[in-house]
2 protein chains.
Amino acid sequence: MSWSKDEKDGPRGYHHGNLKEALVRAALELIAQKGSAGFTFAEAARWAGVSPAAPYRHFRDRDDLLANVALRGFEQFEIALARAWDDGRPDALTALERMGKAYLAFARAEPAYYSAMFESGVPPASTPELRAAGERAFAVLREAAEKVCSQMPPKGRPPALMVALHIWATSHGIASLFGRGDAAQRTLPMSAEELLEAGVLVYLRGLGVTAGSGS
Amino acid sequence: MSWSKDEKDGPRGYHHGNLKEALVRAALELIAQKGSAGFTFAEAARWAGVSPAAPYRHFRDRDDLLANVALRGFEQFEIALARAWDDGRPDALTALERMGKAYLAFARAEPAYYSAMFESGVPPASTPELRAAGERAFAVLREAAEKVCSQMPPKGRPPALMVALHIWATSHGIASLFGRGDAAQRTLPMSAEELLEAGVLVYLRGLGVTAGSGS
DNA sequence: GCCTGATGTAAAAGCTATTTACATGAGCTG
DNA sequence: CAGCTCATGTAAATAGCTTTTACATCAGGC
């Protein structure tokens, strides 16, 4: 009771006790350090203090672990976006901007998750669960787009799905290109957040949305 | 004169004669097939018919080859964008839309280049040449943004750099997320081209640009 | 015709991924 | 509590990749 299943990684016996979680944590650490490409199954095992074959008891192969990390990433991502959206309080536009910031903040705060989710080469539909998790995260954005659109005059109202895709693509593009102030990244004459906020504002104005018009 | 330095890869002697080019072509082929992550130095060597150590005479290591592919990719990319822009003929907006289509067309037609450029983990500034090539490609986009902006009334005219970054991010986001109809990619209720064109039109309207107002 | 540098090869060390046969021990069953 | 059994680890082996080092070949200049 005092050696495993705990957060503390003290000495252990033959069995690890919580290897799956330990491997995921190791993967996150390694991906954050060396990118999803440089991440190694064997090193994750070493990091967890087990033999190179042990991880195969929990993941089919290296890609399966990566996909699992991506899955958890989408779940965290959904939570982060939903929290920022906060049901559109106090108003849809304010909440949308907040969600944009949350998008970039997630990419910066959780580069390992973000990398596994979008840059690891794991197909978004490699498993049904992964696909579903990705769709749930996108659904938050779509919900926001729907609320924004619903406040527009019905005449000439754009499809909410399209709006959601535009905002997603722009956010993702900014995060991918300039997201982490990383030295391994392009630099920018302004912050990524400012760039995204400005872009979304211009875009919404193009849709006919005027700030301060909704509840 | 009949066995090497040619396109034809007939039998060869001790020396290959054009190994560097052959390796780049092999890399493009392999990256297109298995992604920039699955690409292997050894396999490229095999594909070129040389020993696994031979490539080291032309590239410092695997990443160096990848960076070289990315460099050539940016050069081709610049050409493709510049051709589409065509100095803003017949008018800036038409040319800008054409360039957007060229962006997506490049990502789809040259997935190996695109992958090496943006998804391989090669830092954009890993070499000065790579950085410069990337900047030259972006400069085409920036030039277009400047022309579009210059047609707006000076009052409230947005910074062209920002406009260029917005369009770049959106294009890149769409290309990354939905770019190749690939099974390994997300699907879309519309074509990537339509999505981008609509997004840019809305964005430009938000800037106050009205279609058919410039020469 | 001979040197020399550029370009390849061979062989080896040190990784990694993955499989297979075997070991351990946690928890259920009686 | 004894014994069984399955989940979880280990050891060892195969196969492939990366990179280095010492050696081989040959094209072109003197």
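If you're wondering where the values come from, they're calculated on a predicted model, not measured in any experiment. Numbers restart at 1 for each chain; the letters A, B, ... are given by sequence-line order, proteins then strands.
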Just how far, in rounded Å, is [atom2] of [N] from [atom1] of [X]?
X       : N      : atom1 : atom2 : result
B:Leu66 : D:dT18 : CG    : P     : 11 Å
A:Leu65 : C:dT18 : CG    : P     : 11 Å
A:Phe41 : C:dT19 : CZ    : P     : 10 Å
B:Tyr56 : D:dA22 : OH    : P     : 17 Å
B:Leu30 : D:dC17 : CG    : P     : 11 Å
B:Lys20 : C:dA6  : NZ    : P     : 14 Å
A:Asp64 : C:dA17 : CG    : P     : 14 Å
B:Phe59 : D:dT18 : CZ    : P     : 14 Å

Selected nucleotide, minimal atom distance to [X] side chain, candidates [options]:
X       : options               : answer
A:His58 : C:dT19, D:dG9, C:dT9  : D:dG9
B:Arg46 : D:dT8, C:dT19, D:dC17 : D:dC17
B:Ala54 : D:dT19, C:dT9, D:dT10 : C:dT9
A:Asp61 : C:dC22, C:dT18, C:dT7 : C:dT18
B:Ala53 : D:dT8, C:dT18, D:dT21 : D:dT21
B:His16 : C:dG8, C:dA17, D:dT10 : C:dG8
B:Thr40 : C:dT18, D:dC17, C:dG8 : D:dC17
A:Leu19 : D:dG9, C:dT7, C:dA17  : D:dG9

Task: Option from B:Phe118, B:Phe106, B:Tyr113 for which ring-ring contact (aromatic ring centres under 6.0 Å, His included) with B:Phe74 holds - done: B:Phe118
Would you find a donor on one side and an acceptor on the other, under 3.5 Å apart, between the side chain of [X] and the backbone of [Y]?
X        : Y        : answer
A:Arg186 : B:Pro124 : no
A:Ser120 : A:Val122 : yes
B:Arg98  : B:Arg89  : yes
A:Asp61  : A:Asp64  : yes
B:Ser126 : B:Pro123 : yes
A:Thr94  : A:Pro90  : no

Open item on the list: Could you work out how much the helix from C:dG1-D:dC30 to C:dG30-D:dC1 bends, comparing the axis of its first five pairs with that of its last five, to 10°?
Closed with: 0°
Open item on the list: Does the structure place the NZ or CZ of B:Lys20 under 6.0 Å from the centre of the six-membered ring of B:Phe59, at an angle of no more than 45° from the ring's axis?
Closed with: yes
Open item on the list: OP1 or OP2 of D:dG9 versus the side-chain N and O atoms of A:Arg57: is any pair under 4.0 Å?
Closed with: no
Task: 5'-most by nearest nucleotide on DNA chain C - B:Gly49 or A:Arg60 - done: B:Gly49
